Amino acid sequence: MPELPEVETVRRVLETELTGRTITEIVVRTPTFYRPPPRAALTGLIGKTVTGFSRRGKFLSLLAGERSLVLHLGMSGRLTLTDRPAGNRSVKHCRFEIGFGGKTLRFVDPRRFGRVGGPLPKFGPEPLDPAFTPDFLKAAFQGRKAAIKALLMDQGVLAGLGNIYATEALFRAGIRPSRPAGRLRRAELESLHEAIRFVIREGIRLRGSTLDDEAFLDPYGKPGGFQNRVCIYGRREGACGHSLAKTKRPIASRSAVYCPVCQK
DNA sequence: TTAAATTCCTGTAAGC
DNA sequence: TGCTTACAGGAATTTA
């Protein structure tokens with residue numbers, strides 16, 4: 001599922017491939033989005049030239065001068081580049097296509113959790129921004145009783161972490177996902193800060209993580225490499241050699257995996 | 001203010 | 001084998 005490193009990987013590819021190209025065609029293939037895209041936001045792009053792509057957290061924005069189009073991949077969304085013309089009806093789960101005269105950008109989203117258009121929500125800092133510091137974590141967690149993992153995945157606290165990178169960062173920092181955030185000690189905040197930056201940087205460097213066949217692929221259709229560096233996510237035994245445990249209760253309504261030996 | 005629960009959806013896995 | 005059920009996930013929304 002796309003988290004910050006995956007979205008950043010997509011952003012870099014699209015910026016390289018599409019900047020300077022002019023949008024010639026918009027094909028909305030399935031009008032049955034969970035949140036239907038404002039048609040005008042899409043069709044208004046016709047004739048505009050792409051000036052770049054930006055990313056905030058897991059949100060991606062296509063920039064075309066004054067106009068922009070916000071995209072979120074949800075959990076199964078994929079942006080695919082093809083040399084085929086738009087309008088191929090045999091592509092399954094294709095929600096819309098943007099034609100660039102010879103190149104086509106497809107938004108394919110089987111589970112329809114993806115979003116198109118609309119404003120960006122409020123975010124916490126980017127993990128690789130200088131504003132993200134151990135002191136920031138201390139202030140953000142002050143007095144909070146919620147599980148640390150829930151806060152790490154709260155985009156309003158810190159932008160870009162999802163289940164995979166939060167799980168990995170907590171393992172590397174030796175902190176159990178169920179710990180109340182406000183009770184972390186200074187040394188733990190420091191190693192957590194370091195661990196978050198490490199997994200995000202590695203995730204970007206390795207072009208995201210592709211954990212199974214249906215998982216993330218970049219716009220060329222290429223898998224990422226971070227799955228080979230994963231220590232506990234999706235594994236039965238941790239990279240530490242210990243067998244992993246699940247928290248009794250889900251955290252932020254999803255199961256949380258940890259190493260009962262290494263994570264205190 | 002915070003936090004927990006609910007909702008969207010469908011491919012996959014597990015259970016019978 | 002075929003059917004049913006449970007589950008997974010991110011974020012907006014609702015409820016406590």
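Throughout, protein chains are lettered first and strands after them, A, B, ... in sequence-line order, and every chain is numbered starting at 1. Predicted model, so just to flag it, every value in this text is computed and none were measured.
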TODO: Using a heavy-atom cut-off of under 4.0 Å over every strand shown, decide if A:Pro121 touches base, sugar-phosphate, or nothing.
DONE: sugar-phosphate
TODO: Quickly work out the A:Arg112 CZ to B:dT7 C1' distance and round it to whole Å.
DONE: 14 Å
Open item on the list: Expressed as a whole number of angstroms, how long is the span from A:Phe123:CZ to C:dA11:P?
Closed with: 8 Å
- [ ] Grab the CD-P distance between A:Glu3 and C:dG9 for me, whole Å please.
- [x] 10 Å
Open item on the list: Other members of the hydrophobic cluster containing A:Val91, with the 4.5 Å side-chain heavy-atom rule, please.
Closed with: A:Val108
Open item on the list: Are more than 12 heavy atoms, taken from residues, nucleotides or ligands other than A:Lys145, located less than 6.0 Å from that residue's NZ atom?
Closed with: no
- [ ] Using whole Å, report how far CD of A:Gln142 lies from P of B:dT2.
- [x] 12 Å
Open item on the list: Among residues at least two apart in sequence or on other chains, which ones pass side-chain contact (heavy atoms from CB on, under 4.5 Å) with A:Arg67?
Closed with: A:Leu45, A:Lys48
TODO: Using the test side-chain contact (heavy atoms from CB on, under 4.5 Å), find all partners of A:Thr167 that sit at least two apart in sequence or belong to another chain.
DONE: A:Lys149, A:Asn163, A:Ile232, A:Tyr233
Task: Residues which pass ring-ring contact (aromatic ring centres under 6.0 Å, His included) with A:Phe171, listed by chain and number, not counting sequence neighbours - done: none
TODO: Can you tell me the distance, in whole Å, between the CD1 atom of A:Ile251 and the P atom of C:dG10?
DONE: 13 Å
TODO: Mind calculating the distance between CD (A:Gln155) and P (C:dT13) to the nearest angstrom?
DONE: 15 Å
Task: A:Leu73 CG to C:dG10 P, straight-line distance once rounded to whole Å - done: 12 Å
- [ ] Between B:dG11, B:dC9, C:dA11, spot the one nearest the side chain of A:Pro110, thanks.
- [x] B:dG11
Task: Pairwise salt bridge (charged side-chain N to carboxylate O under 4.0 Å, His left out) hits with a residue in residues 162-180 of chain A, at least two apart - done: A:Arg179-A:Glu188
Task: A:Gln263 (side chain) donor-acceptor with A:Pro260 (main chain) under 3.5 angstrom - done: no
Task: Spacing between A:His72 atom NE2 and B:dC8 atom P, to the nearest angstrom - done: 19 Å
TODO: Return one dot-bracket line describing DNA chain B 5' to 3' (Watson-Crick or G-U wobble pairs, both distances under 3.5 Å; ( ) same strand, [ ] crossing, | another strand, . none).
DONE: .|||||||||||||||
TODO: Output all residues satisfying side-chain contact (heavy atoms from CB on, under 4.5 Å) with A:Thr43, sequence neighbours left out; order by chain, then residue number.
DONE: none
TODO: State whether A:His93 places a side-chain N or O below 4.0 Å from either non-bridging phosphate oxygen (OP1 or OP2) of B:dT10.
DONE: no
- [ ] Identify, with sequence neighbours excluded, every residue that meets side chain to side chain donor-acceptor pair (under 3.5 Å) alongside A:Asp129.
- [x] none
Check: protein-nucleotides 5-8 of chain C nitrogen or oxygen pairs below 3.5 Å:
| residue | atom | partner | partner atom | Å |
| --- | --- | --- | --- | --- |
| C:dA8 | N3 | A:Arg111 | NH1 | 3.4 |

Open item on the list: Heavy atoms within less than 4.0 Å of DNA chain B: which residues of residues 145-154 of chain A have one? Give them sorted by number.
Closed with: A:Lys145, A:Ala146
TODO: Identify, with sequence neighbours excluded, every residue that meets ring-ring contact (aromatic ring centres under 6.0 Å, His included) alongside A:Phe123.
DONE: A:Phe59
- [ ] Not counting sequence neighbours, list each pair that qualifies as a salt bridge (charged side-chain N to carboxylate O under 4.0 Å, His left out) and has a residue in residues 193-202 of chain A.
- [x] A:Glu202-A:Arg205, A:Glu202-A:Arg229
